[in-house]
> 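Dropping the structure in here first, questions after.
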Amino acid sequence: MLNLHDTATGSIRPIAPEGAPVVSMYVCGPTVYDLPHLGHGRYVLVWDIARRVLLATGHDVRFVSNITDIDDNIINRATEEGRSEAEVAAEFEERWFEALDALSVLRPTEVPHATAYVEEMVALIGRLMDRGVAYRTSDGVYLDVSAVGDYGLLAGQPLDQLRAGARIVTIDEKRSPLDFVLWKDAKDGEPSWDAPFGAGRPGWHTECVVMSLNLLGEGFDLHTGGQDLKFPHHENERAQAVADGKVFANHWAHSGWVMVGAEKMSKSLKNFTSLTDLLATHDARAYRLLCVQSHYRAPLEVTAETIAAAEAALLRLDNLARRLDVPELPAGPVVLASHGVDPDAVSAFVTALEDDLDTPRAFAQVATLVSAANTAADDGDLQGAQALAWTVAVLLGVLGIRLRATTDVDEDAAALAASRDAARAAKDWSEADRLRGALEALGYIVEDRGGATTLHR
RNA sequence: GGUGGCGUGGGAGAGCGGCCGAAUCCAACAGCCUGCAAAGCUGUACAGCCCCCGGUUCAAAUCCGGGCGCCACCUCCA
């Protein structure tokens with residue numbers, strides 16, 4: 001079973017009981033008001049890999065990830081652009097999934113939308129008011145966090161300390177600065193829904209409680225997101241569930257930042273690169289490999305240099321596949337038991353991954369197999385080399401990286417390659433070199449394999 | 001003020017009590033291979049002790065105490 005660091009306990013522990021037939025995961029999804037950036041890409045890749053590891057080791061996974069399709073940012077953008085909130089949300093949800101598809105991120109098993117769960121949210125808020133733990137102000141309904149005994153569990157500090165450091169300066173009718181909005185009263189020109197406590201729209205923290213409990217049930221296995229969701233978002237989700245008398249997530253895991261220089265990449269610092277831009281100019285697998293090569297909880301430096309290094313590493317992997325004609329793995333998740341690869345290699349690989357998702361260590365295991373496969377091939381042991389290379393392909397497949405052994409070669413290039421082979425056969429080296437130069441000018445990398453020109457990009 | 005995290009070779013980044021004079025990837029250099037290359041392989045260099053000081057231990061990069069530096073969170077944020 002996969003073990004992960006649990007924010008609630010501070011320890012590394014299994015995310016589900018060993019024999020669990022289905023592992024349930026809830027990953028906080030995006031608010032769709034802009035293009036996804038590299039930080040989104042990283043957390044999405046991290047949890048995609050966690051899911052793939054579970055699938056690879058024979059577990060079923062129910063993977064729920066929401067779309068926040070109503071919030072201030074969406075409203076602002078819609079207002080600026082003179083179109084509806086629904087249009088803005090629909091556009092950026094589409095862009096979101098385009099990027100994720102490019103990254104080979106498996107689609108969630110369910111994608112709940114906040115706007116489809118307003119009725120349930122209204123019911124939850126009603127119950128919280130009935131219990132006296134939520135109260136009205138002149139602009140909405142708030143949760144009284146003092147009613148939640150262990151508030152601060154995820155933040156790692158008790159309520160009074162959180163309050164002491166609160167940077168919230170607005171003085172309003174809130175009983176505590178940490179009380180948070182469950183329901184925002186309707187304003188002119190903004191989308192709203194009817195509710196017994198007045199028309200309005202839900203606050204951000206309420207949707208995930210309702211959707212996760214609704215789809216996965218009480219006591220679901222794992223709730224994840226980026227570090228910054230730890231507090232207040234996850235704390236506040238949990239607070240509502242506790243105040244409602246529900247058992248919430250059993251395990252909380254959080255992934256680290258993408259850094260630019262020494263700073264967190266974020267919207268507010270305007271130092272972000274959109275995922276869409278990155279994917280337009282680089283192999284999506286390189287970004288996945290870059291993420292794989294660092295631990296998910298550590299900060300990750302993303303620069304032109306680190307991406308280029310990942311691309312170089314990826315090239316080496318594809319070279320192996322090309323050299324040994326490794327068949328391309330089918331799309332979708334890999335189940336290790338069905339591929340008949342070396343059990344020792346699998347065991348070392350899985351051990352690393354199940355130990356707090358140690359992808360760098362797992363990748364290091366694979367890298368040694370790459371060398372072994374090449375060495376076997378150099379020694380003329382084709383069969384042994386191919387078996388090793390296939391193991392490499394399968395293990396990388398678990399991480400969501402599929403090797404490519406082939407490149408589309410257009411007719412012109414194929415003709416040049418044929419001419420070059422003829423020149424080489426005639427030992428006309430200057431002509432052969434001229435043709436190689438021409439092919440390289442077309443963007444191909446030229447390699448001789450068994451006397452024949454081989455091309456790839 | 002509080003909380004969490006981080007500090008390992010040129011870069012990235014594992015290891016978290018002995019197998020570590022430190023994995024793996026990228027970059028560099030040399031050799032082999034090649035008509036020449038590329039790919040691949042092999043080797044070398046790069047961490048004289050893994051931020052500093054003190055301690056525990058037969059044994060510490062790994063544990064404890066104290067520093068220093070950096071990042072983040074306590075407001076929206078993945």
Side-chain angles (χ1 to χ4, degrees), chain A residues 7 10 27-31 36-44 46-47 71-73 152 154-158 160-170 177-178 180 204 224-233 235 254-259 261-269 272 289-290 292-295 297-303 305-320 322-323 352 358-368 370-371 373-379 424 427-430 432-433 436-437 440 445-449 451 453-454 456:
Chain A
T7 306
V27 180
C28 275
T31 301
H37 63 65
L38 299 184
H40 297 105
R42 159 122 108 150
Y43 93 82
V44 156
V46 164
W47 303 120
D71 104 311
D72 290 347
N73 290 313
L154 297 176
Q157 47 190 337
D160 54 338
Q161 278 180 17
L162 281 167
R163 187 181 285 125
R167 284 181 285 166
I168 307 165
V169 288
T170 45
L178 294 165
F180 58 92
W204 178 39
T224 76
Q227 289 282 1
D228 52 356
L229 261 35
K230 206 189 286 183
F231 191 94
H233 183 54
E235 190 74 57
H254 295 95
S255 52
W257 301 124
V258 168
M259 306 295 287
E263 282 182 323
K264 166 191 172 188
M265 175 176 288
S266 75
K267 279 280 164 67
S268 50
L269 292 171
F272 61 91
L289 183 57
L290 181 58
V292 160
Q293 286 190 283
S294 83
H295 187 82
R297 285 194 285 132
L300 173 64
E301 189 76 39
V302 181
T303 62
E305 288 72 33
T306 60
I307 292 172
E311 284 187 303
L314 185 62
L315 184 60
R316 174 174 153 86
L317 300 173
D318 279 343
N319 281 339
L320 178 72
R322 240 187 316 275
R323 178 179 191 185
D358 196 343
T359 52
R361 209 166 92 210
F363 180 73
Q365 301 282 348
V366 176
T368 60
V370 173
S371 293
N374 276 314
T375 300
D378 283 352
D379 293 347
R424 291 186 70 226
K427 296 195 192 300
D428 183 352
W429 306 129
S430 63
D433 289 348
R436 176 164 58 203
E440 285 170 350
I445 294 170
V446 180
E447 292 173 15
D448 295 342
R449 279 197 209 295
T453 296
T454 308
H456 66 274

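Below, chain A is the first sequence line, B the second, and so on; all start at residue 1. Note that the coordinates shown come from a computational prediction; the quantities given were computed from them, not determined experimentally. Just the heavy atoms: all of them, side chains too, but no hydrogens, waters or symmetry mates, feed the values below.
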> Rounding to the closest angstrom, what is the interatomic distance between C73(B) and G66(B) at atom C1'?
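Pairwise C1' distance, C73(B) against G66(B), rounds to 25 Å.
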
> Going by purine N1 to pyrimidine N3 plus the second Watson-Crick contact, or the G-U wobble pair, all under 3.5 Å, which nucleotide sits opposite A72(B)?
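Base-paired to U3(B).
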
> Sticking with atom P, work out how far A23(B) lies from C51(B), rounded to a whole angstrom.
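Those two atoms are separated by 16 Å.
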
> My understanding is that only residues two or more places apart in sequence, or in another chain, count here; which of them pass ring pair (Phe, Tyr, Trp, His ring centres under 6.0 Å) with W47(A)?
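Once residues adjacent in sequence are excluded, the partners of W47(A) under the ring pair (Phe, Tyr, Trp, His ring centres under 6.0 Å) criterion are Y296(A).
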
> What is the nucleic acid contact for P232(A), judged by heavy atoms within less than 4.0 Å: base, sugar-phosphate only, or nothing?
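Sugar-phosphate contact only.
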
> Identify the nucleotide, in any strand shown, that forms a Watson-Crick or G-U wobble pair with C49(B), with both distances under 3.5 Å; if there is none, say none.
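Partner of C49(B): none found under 3.5 Å.
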
> So, does K230(A) get its side chain near the phosphate of C74(B), meaning an N or O under 4.0 Å from OP1 or OP2?
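Looking at the OP1 and OP2 atoms of C74(B), neither is under 4.0 Å from any side-chain N or O of K230(A).
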
> Please confirm whether the backbone N or O of E301(A) pairs with a side-chain atom of T306(A), one donor and one acceptor, at under 3.5 Å?
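Side chain of T306(A) to backbone of E301(A), a donor-acceptor pair under 3.5 Å: yes, one is there.
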
> Mind checking side chain to side chain donor-acceptor pair (under 3.5 Å) for Q365(A) and listing every partner two or more places apart, or none if nothing turns up?
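Scan of Q365(A) (side chain to side chain donor-acceptor pair (under 3.5 Å), adjacent residues dropped) gives none.
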
> Judged by atom type as modelled, is there a donor-acceptor pair below 3.5 Å linking the side chain of E235(A) to the main-chain atoms of L154(A)?
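Judged by distance alone, yes, a pair lies under 3.5 Å.
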
> Sort out the partner of C58(B) for me: Watson-Crick or G-U wobble, both distances under 3.5 Å, none otherwise.
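When the pairing criteria are applied, G18(B) turns out to be the nucleotide that pairs with C58(B).
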
> When the P atoms of C36(B) and G48(B) are compared, how many Å lie between them, rounded to an integer?
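Roughly 40 Å separates the two P atoms.
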
> Please determine if D160(A) and R163(A) form a salt bridge, counting it only when a charged side-chain N lies under 4.0 Å from a carboxylate O.
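Here D160(A) does not pair with R163(A) in a salt bridge, since their nearest N and O are not under 4.0 Å apart.
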
> Sort me out a list of protein N/O and nucleotides 31-35 of chain B N/O pairs below 3.5 Å, or just none if empty.
unit_1: G35(B); atom_1: O6; unit_2: R424(A); atom_2: NE; d: 3.3
unit_1: G35(B); atom_1: N1; unit_2: D433(A); atom_2: OD1; d: 2.9
unit_1: G35(B); atom_1: N2; unit_2: D433(A); atom_2: OD1; d: 3.3
unit_1: G35(B); atom_1: N2; unit_2: D433(A); atom_2: OD2; d: 2.6

> If you check every side-chain atom of W257(A), which of U75(B), A78(B), G40(B) has the closest atom?
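For W257(A), the side-chain atoms sit closest to A78(B).
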
> Quick one: which of U24(B), U3(B), A78(B) gets closest to the side chain of T31(A)?
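My answer, after comparing the listed nucleotides, is A78(B).
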
> When all nucleic acid strands are considered with a 4.0 Å heavy-atom cut-off, which category describes S371(A): base, sugar-phosphate, or nothing?
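S371(A): backbone/sugar contact only, no base atoms under 4.0 Å.
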
> Do T224(A) and Y43(A) make a side-chain contact, defined as non-hydrogen atoms from C-beta onward lying under 4.5 Å apart?
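They are not in side-chain contact.
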
> Please state whether the phosphate of A23(B), meaning OP1 or OP2, lies under 4.0 angstrom from any side-chain nitrogen or oxygen of T368(A).
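Looking at the OP1 and OP2 atoms of A23(B), neither is under 4.0 Å from any side-chain N or O of T368(A).
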
> Who does G43(B) pair with, Watson-Crick or G-U, both distances under 3.5 Å?
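The base-pairing partner of G43(B), which may sit in any strand shown, is C29(B).
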
> From the set G2(B), U42(B), C74(B), return the single nucleotide nearest to any side-chain atom of T375(A).
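Looking only at side-chain atoms, T375(A) lies closest to U42(B).
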
> Taking A60(B) as the reference, what is the distance to C50(B) when you measure between their P atoms (whole Å, please)?
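Straight-line distance between the two P atoms is 12 Å.
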
> What integer distance in Å separates L229(A):CG from C74(B):P?
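Roughly 11 Å, once rounded to whole Å.
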
> Tell which nucleotide pairs with A78(B), taking only Watson-Crick or G-U wobble pairs whose two distances are both under 3.5 angstrom.
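Its partner: none found.
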
> Kindly write out the residues that satisfy side chain to side chain donor-acceptor pair (under 3.5 Å) with S294(A), not counting sequence neighbours, or none if the list is empty.
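Partners of S294(A) under the side chain to side chain donor-acceptor pair (under 3.5 Å) test: R42(A).
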
> Where the side chain of N73(A) is concerned, which of C41(B), A78(B), C76(B) is the nearest nucleotide?
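Nearest listed nucleotide: C76(B).
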
> Looking at residues at least two apart in the chain, or sitting in another chain, which of them share a side-chain contact (heavy atoms from CB on, under 4.5 Å) with A309(A)?
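With neighbours one apart ignored, the set is empty.
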
> When rounded to the nearest Å, what value does the distance between C1' atoms of G18(B) and A61(B) take?
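These two C1' atoms come out 13 Å apart once rounded.
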
> Please encode protein proximity along nucleotides 7-19 of chain B as a string of B, S and -, counting only heavy-atom distances under 4.0 Å.
------SSS----

> Once you apply a heavy-atom cut-off of 4.0 Å, does G41(A) come out as touching a base, just sugar-phosphate, or nothing?
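Nothing, no heavy atom under 4.0 Å.
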
> Whom does U24(B) pair with, Watson-Crick or G-U wobble, provided both distances fall under 3.5 Å?
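Here U24(B) is engaged in a pair, and the nucleotide opposite it is A12(B).
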
> Side-chain N or O of N319(A) versus OP1/OP2 of A39(B): is the shortest distance under 4.0 Å?
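No, because none of the side-chain N or O atoms of N319(A) sits under 4.0 Å from OP1 or OP2 of A39(B).
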
> Under 4.0 Å between any heavy atoms, over every strand shown, what does G39(A) touch: base, sugar-phosphate, or nothing? Just pick one.
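Answer is base: heavy atoms of G39(A) come under 4.0 Å of a base.
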
> Figure out the CD/P separation between E447(A) and A39(B), and round it to whole Å.
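Going from CD in E447(A) over to P in A39(B) covers 7 Å.
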
> Please confirm whether the shortest side-chain N or O distance from R322(A) to OP1 or OP2 of A39(B) is below 4.0 Å.
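The answer is no; no side-chain N or O of R322(A) sits under 4.0 Å from OP1 or OP2.
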
> Could you give the distance separating U62(B) and G31(B) at their P atoms, to the nearest angstrom?
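My reading of the P atoms in G31(B) and U62(B) gives 41 Å.
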
> Only counting residues at least two apart or in another chain, list the ones meeting ring pair (Phe, Tyr, Trp, His ring centres under 6.0 Å) with F180(A).
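Partners of F180(A) under the ring pair (Phe, Tyr, Trp, His ring centres under 6.0 Å) test: H205(A).
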
> Taking A22(B) as the reference, what is the distance to G17(B) when you measure between their C1' atoms (whole Å, please)?
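My reading of the C1' atoms in G17(B) and A22(B) gives 15 Å.
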
> Which whole-number value in Å describes the distance from L289(A) CG to U24(B) C1'?
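Between C1' of U24(B) and CG of L289(A): 11 Å.
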
> 5'-most contact on RNA chain B: Q157(A) or A364(A), nearest heavy atom basis?
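Final value for this comparison: Q157(A).
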
> Which whole-number value in Å describes the distance from D378(A) CG to U42(B) P?
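D378(A) atom CG is separated from U42(B) atom P by 8 Å.
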
> Could you give the CG-to-P distance, from N374(A) to U42(B), as a whole number of Å?
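Distance, rounded to whole Å: 9 Å.
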
> What nucleotide among C26(B), A23(B), A78(B) has an atom nearest to a side-chain atom of A312(A)?
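In terms of side-chain proximity for A312(A), the closest of C26(B), A23(B), A78(B) is C26(B).
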
> Given atom CE of M259(A) and atom C1' of A72(B), what is their separation to the nearest angstrom?
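Going from M259(A) (CE) to A72(B) (C1'), I get 8 Å.
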
> Classify the side-chain pair R316(A)/N319(A) by whether it contains a donor and acceptor separated by less than 3.5 Å.
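No - no donor-acceptor pair under 3.5 Å links their side chains.
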
> Please enumerate all residues that pass ring pair (Phe, Tyr, Trp, His ring centres under 6.0 Å) together with H295(A), with sequence neighbours excluded.
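H295(A) satisfies ring pair (Phe, Tyr, Trp, His ring centres under 6.0 Å) with no other residue.
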
> Identify which nucleotide among C41(B), A78(B), C25(B) has an atom closest to any side-chain atom of A367(A), counting heavy atoms from C-beta outward.
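Within the option list, the nearest is C25(B).
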
> Please report the distance, rounded to the nearest Å, between CZ in F231(A) and P in U3(B).
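Distance check: F231(A) CZ to U3(B) P gives 15 Å.
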
> Grab the CZ-P distance between R316(A) and A39(B) for me, whole Å please.
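In whole Å, A39(B) P and R316(A) CZ are 11 Å from each other.
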
> Base, sugar-phosphate alone, or nothing: which one does V44(A) contact when heavy atoms must sit under 4.0 Å apart?
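Answer is nothing: V44(A) stays at 4.0 Å or more from every strand.
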
> Taking only residues two or more places apart in sequence or in another chain, which ones pass ring pair (Phe, Tyr, Trp, His ring centres under 6.0 Å) with H456(A)?
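Ring pair (Phe, Tyr, Trp, His ring centres under 6.0 Å) check on H456(A) returns nothing, list empty.
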
> What integer number of Å spans the C1' atoms of C64(B) and G2(B)?
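Their C1' atoms lie roughly 23 Å apart.
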
> In Å, rounded to the nearest 0.5 Å, how long is the span from CG of D448(A) to CZ of R424(A)?
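If I round to the nearest 0.5 Å, the distance is 3.5 Å.
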
